[in-house]
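What follows is a set of notes on a single structure, which appears directly below.
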Amino acid sequence: MFIKEIAIGLSLALIIFISIMGYDLTPLLFILAATVGLYFLARVRGLVGQKNFNDASGYRGTSFTDIGGQDSAIVELKEALDFIRNYKDIKGLGIRPLKGILLTGPPGTGKTLLARAAAGYTDAAFISASGSEFIEMYAGVGAQRVRRLFQEAREIAFRQKKSNAIIFVDEIEILGGKRGKAVGHMEYDQTLNQLLVEMDGLKVEDDIRVLLVAATNRVDMLDPALLRPGRFDRMVKVDLPDKEGRLSVLKLHTRNKPLADDVELEVIARETFGFSGAHLESLANEAAILAMREGCTKISQHHFSESIDKVMMGGKLDKQPSRSEMKRVAVHETGHALLGEMVRPGSVSAVTITPRGDALGYMRQSPEDDTYLYTKDYLESQIAIMLGGAVAEEVLLGNRSTGSTNDLEQAMCTADVIVRAGMSKLGVICPESLPRELKHQALTEIVREQEQRVKEVVARLSPALDQAVELLLEKEKITGDQFRSILNKITDGVWV
Ligand code: ATP
């Protein structure tokens, strides 16, 4: 532990002794300077004195019950981990040990949490690193770090008197990308080769059994050698949570927060389609911050509602558009809302003209249910909603603006999905050999048809739009219920 200090002390004592004896110190000082120089050079290159990997003793509290919405991933992972827990039976049956588990899925879905919980479940020492920690400019450093990682895992397990160690490597695609792809030097390849060597060296009869758990969002980038049997034997998919999953994640992240009686977590779960666990954690946190800013002792539904906007679109911006621009934004967003209600009554949850992120305003619609397959009707309705903003600007203000560019791009992309799926007038097609002109015609025909439909709706209900725009300009944000009550009032409830 004190080797450096002892060495420095001994060197000084030697120098003093030699100078007292009357010898010439110049050669000695030269050697000393060269040694120190070499040491620092090696340090810069990462060959000595690297930082240790994360011994994550502090994470020991994480268990599978702290992870929401990943039931099937947990079952699969536990099955794999039981190989480690019951290693004696496995040894008896001559089963080869499990060397690696690969967690794949979008960011923020709980892969790191699963790895931490795995360590608790198997009573293993846990050490974590990120793929980027292994890649350096200098050849050989990454490979050396891989060796060190496995060595350190064993040392930590030994110190903690554990017979298992779990190494968690996040972003494995950086270190385990396909070989031969990195241009310029072979550092990447050497690092991966070393990882393969280490994995091949893991044996069931080892005193400390090491399991490598890795996570990636880009399984397509991994070298096939990593994925072959005997390396990462199990691949566990960690997907975005469905509605029930989102509800259980919300329950987990609100269990330590005081909630007002009006909070309905089911409604929040429904409105947060596409949110990952990390988004939901941030949502619960933002809602609590908002409640604190407003001086409330409990978090209410409107705090959550506001926070969904923040997590989805980003924080409020200081930029304040001119009054005429605000009006255009209000018209645009109510146009979207009108078509949203038309397509699925009761679905609009909020319309706002508060600038957030890149948007000057937006309309939020709650998805009816998690949907994974889309019909032609559904896709056409989505195109109609996308066109609602531009058409409302045209009908109410006399012209369109550049604010619709993104909507039109999305409308074309959706039309493209219809064509590719063989649901357009062209029938089943081969997208690659479809002439550009024909494709262009098919896309514009789909979009124009919806444009006509939207024009008719907007013209018929423009008095309701006018009122909604006025209220929106006054309040900056209106709820779906407020919007619907205007529609009902103007049309006596017969507007669909
Ligand atoms: P990345 O791929 O970006 O590394 P990840 O999948 O490893 O992300 P985590 O680091 O495990 O995601 O999650 C980040 C945070 O999000 C967690 O600390 C936790 O607060 C929250 N979280 C994510 N998924 C879940 C979940 N399924 N249940 C509860 N909390 C979750």
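Read the numbers this way: they start at 1 and go in the same order the structure lists the ligands and their atoms. Treat the numbers as computed from the prediction; the structure is a model and nothing was measured.
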Keeping T375 on the side-chain end and Y378 on the backbone end, is there a donor-acceptor pair under 3.5 Å?
yes
The answer, listing residues by chain and number that come under 4.0 Å of ligand 1 through any heavy atom, is D66, I67, G68, Q70, P107, G108, T109, G110, K111, T112, L113, D170, N217, V249, H253, G277, A278, E281
E76 meets the side chain to side chain donor-acceptor pair (under 3.5 Å) criterion, sequence neighbours left out, with none
Judged by modelled atom types alone, do S305 and H302 share a side-chain donor-acceptor pair under 3.5 Å?
-> no
Margin query: Can a side-chain donor-acceptor contact be found between E198 and Q194 if the only test is distance below 3.5 angstrom?
Written below: yes
Q365 meets the side chain to side chain donor-acceptor pair (under 3.5 Å) criterion, sequence neighbours left out, with S347
The side chain to side chain donor-acceptor pair (under 3.5 Å) partners of N86 (sequence neighbours excluded) come to none
